[in-house]
Amino acid sequence: MTLTFAPPAIAAPQDLDRTLRNQGYAVVTPQQVAALAGLDLAALLAWRPLWNDLPPDNYLRDGGRYRRRRHACFVVDGATVMLAPHRPHWQPVEYNALHGGMQRHFEPMQAALVAQAAWQQLLAWLGQVCSQLKGAQPWYTEAHQFRIDTTDGIGRPTPEGAHRDGVDLVAVFLVGREGVKGGETRVFDATGPNGQRFTLTEPWSLLLLDDPRVIHESTPIQPVAEGGHRDTLVVTLRAGNFQGEPAR
């Protein structure tokens with residue numbers, strides 16, 4: 001039997017901003033994601049096969065083979081979503097002690113996803129959430145498709161441990177999980193002992209994080225069936241510039 005803890009989802013869509021301000025994070029159900037973003041949930045669920053074509057992450061310093069990913073950058077300004085030139089992903093070591101300080105070149109996300117109007121609408125909604133929380137401005141946005149698998153018997157969604165991302169808002173969508181146990185989400189107050197633990201299980205459930213206020217991690221996954229894996233979409237929004245670039 002696999003023990004999971006249900007996430008503390010917001011009671012109603014209008015509670016989202018208040019919840020983020022009160023506790024620094026919010027969990028949104030798939031139905032609420034679709035309603036708030038003005039999308040059909042079926043359209044989001046239809047993207048799942050695109051996670052079957054992710055190249056290996058060749059930068060894992062623990063020697064693992066458990067992570068596959070694609071990456072793309074955008075500038076979200078109000079309702080306008082612009083695809084930025086493809087660039088390497090970079091984080092400072094103070095936010096990622098394991099993989100920070102180096103430029104990681106990942107394959108771009110496919111046009112089959114990022115050219116869709118629904119994709120642009122999803123990013124525009126996240127920009128709206130961030131602007132409501134932080135003030136209206138352009139948001140330098142990075143999107144990451146992840147698959148964590150159990151090729152090595154264990155897969156680590158966050159091999160760097162509990163961390164911040166060095167951005168203004170982090171959105172973690174669970175796209176799907178099959179044949180695994182574990183993958184528990186943990187969110188802690190960045191300046192105190194308070195924390196929550198829960199497991200996202202429904203496809204397109206969402207964890208939103210006010211990154212300066214909280215640290216987060218996901219525990220390792222283990223297989224309960226052959227081919228076990230956990231798929232996520234992680235979107236980060238940052239004011240001023242992409243990390244590693246001069247302020248604009």
Side-chain angles (χ1 to χ4, degrees), residues 3-30 32-33 36 62 89-101 125-137 139-144 146 148 155-174 177 181-202 204-221 230 232-243:
L3 181 64
T4 62
F5 296 86
I10 61 171
Q14 61 267 26
D15 296 332
L16 179 56
D17 185 66
R18 182 175 60 191
T19 302
L20 280 170
R21 291 182 186 278
N22 286 347
Q23 62 186 26
Y25 74 94
V27 178
V28 189
T29 69
Q32 290 171 334
V33 167
L36 287 165
D62 63 1
H89 179 51
W90 185 89
Q91 293 175 292
V93 293
E94 56 262 40
Y95 294 124
N96 190 331
L98 185 61
H99 298 116
W125 170 63
L126 291 175
Q128 178 184 344
V129 172
C130 201
S131 288
Q132 189 166 353
L133 188 65
K134 307 283 186 175
Q137 57 196 294
W139 297 106
Y140 294 85
T141 302
E142 296 191 53
H144 307 259
F146 286 105
I148 307 299
R156 296 179 174 85
T158 53
E160 64 272 34
H163 65 284
R164 289 172 50 212
D165 285 356
V167 298
D168 287 280
L169 187 74
V170 179
V172 182
F173 295 91
L174 177 73
R177 50 181 288 155
K181 62 181 180 179
E184 179 183 86
T185 296
R186 298 178 179 177
V187 182
F188 306 95
D189 191 317
T191 58
N194 295 329
Q196 290 282 341
R197 51 187 289 214
F198 48 86
T199 305
L200 298 176
T201 58
E202 284 192 85
W204 288 97
S205 51
L206 166 65
L207 171 65
L208 285 169
L209 301 159
D210 185 351
D211 191 59
R213 294 180 53 193
V214 295
I215 58 177
H216 65 281
E217 66 176 340
S218 296
T219 62
I221 58 171
R230 178 177 183 264
T232 56
L233 169 68
V234 177
V235 181
T236 64
L237 297 92
R238 190 172 192 268
N241 62 335
F242 294 111
Q243 287 196 91

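- Here the closest non-hydrogen pair linking L208 and A171 is CD2-CB, 3.7 Å.
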Original post:
Taking it one step at a time, do R186 and H216 satisfy side chain to side chain contact (heavy atoms under 4.5 Å, CB included)?
Top reply: CA-CA 6 Å; R186 298 178 179 177; H216 65 281; over 6 Å; no
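- Taking CD of Q32 as the start and CG of L16 as the end, the distance is 8.5 Å to the nearest 0.5 Å.
- With sequence neighbours excluded, no residue satisfies salt bridge (charged side-chain N to carboxylate O under 4.0 Å, His left out) with D189.
- Listed here is the closest heavy atom pair of A26 and I10: CB-CG2, 4.0 Å.
- To the nearest 0.5 Å, the span separating CG on L133 from CG on D168 amounts to 8.5 Å.
- With rounding to the nearest 0.5 angstrom, the CG atom of L209 is 11.5 Å from the OG1 atom of T236.
- Using a 4.0 Å cut-off between charged side-chain N and carboxylate O, R21 and D210 make no salt bridge.
- Counting all heavy atoms, side chain and backbone alike, A162 lies closest to E217 at N-OE1, 3.5 Å.
- Here the shortest heavy-atom pairing between G166 and R238 reads O-NE, 2.9 Å.
- When all heavy atoms are compared, the tightest approach of E202 to P30 is CB-CG, 3.8 Å.
- Residues L207 and V187 meet the side-chain proximity criterion, which asks for heavy atoms closer than 4.5 Å.
- With R164 contributing its side chain and D211 its backbone, the two residues share a donor-acceptor pair below 3.5 Å.
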**OP:** Check step by step if side chain to side chain contact (heavy atoms under 4.5 Å, CB included) holds for V172 and T185.
**Re:** CA-CA 10 Å; V172 182; T185 296; over 6 Å; no
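- Under a 3.5 Å cut-off, the side chain of T158 and the backbone N or O of S218 do form a donor-acceptor pair.
- Listed for the Q243 side chain is a donor-acceptor partner under 3.5 Å among the backbone atoms of D165.
- Looking only at side-chain heavy atoms (C-beta outward), Y140 and V167 stay at 4.5 Å or farther from each other.
- A side-chain donor-acceptor contact under 3.5 Å links R177 to the backbone of G182.
- In this structure, S205 contributes its side chain and L200 its backbone to no donor-acceptor pair below 3.5 Å.
- Atom CD1 of I221 is separated from atom CD of E184 by 14.0 Å, given to the nearest 0.5 angstrom.
- Between the side chain of H144 and the main chain of V235, no donor-acceptor pair closer than 3.5 Å is present.
- For the atom pair D17 CG and S131 OG, the distance stands at 11.0 Å (nearest 0.5 Å).
- Considering CZ of F188 and OH of Y25, their distance stands at 11.0 Å, rounded to 0.5 Å.
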Original post:
Is there a side chain to side chain contact (heavy atoms under 4.5 Å, CB included) between L126 and W139 once you walk through the steps?
Top reply: CA-CA 10 Å; L126 291 175; W139 297 106; over 6 Å; no
Original post:
Is there a side chain to side chain contact (heavy atoms under 4.5 Å, CB included) between V33 and V28 once you walk through the steps?
Top reply: CA-CA 6 Å; V33 167; V28 189; 3.8 Å; yes
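- Across all non-hydrogen atoms, the minimal contact from P157 to P220 is CD-CA, 3.9 Å.
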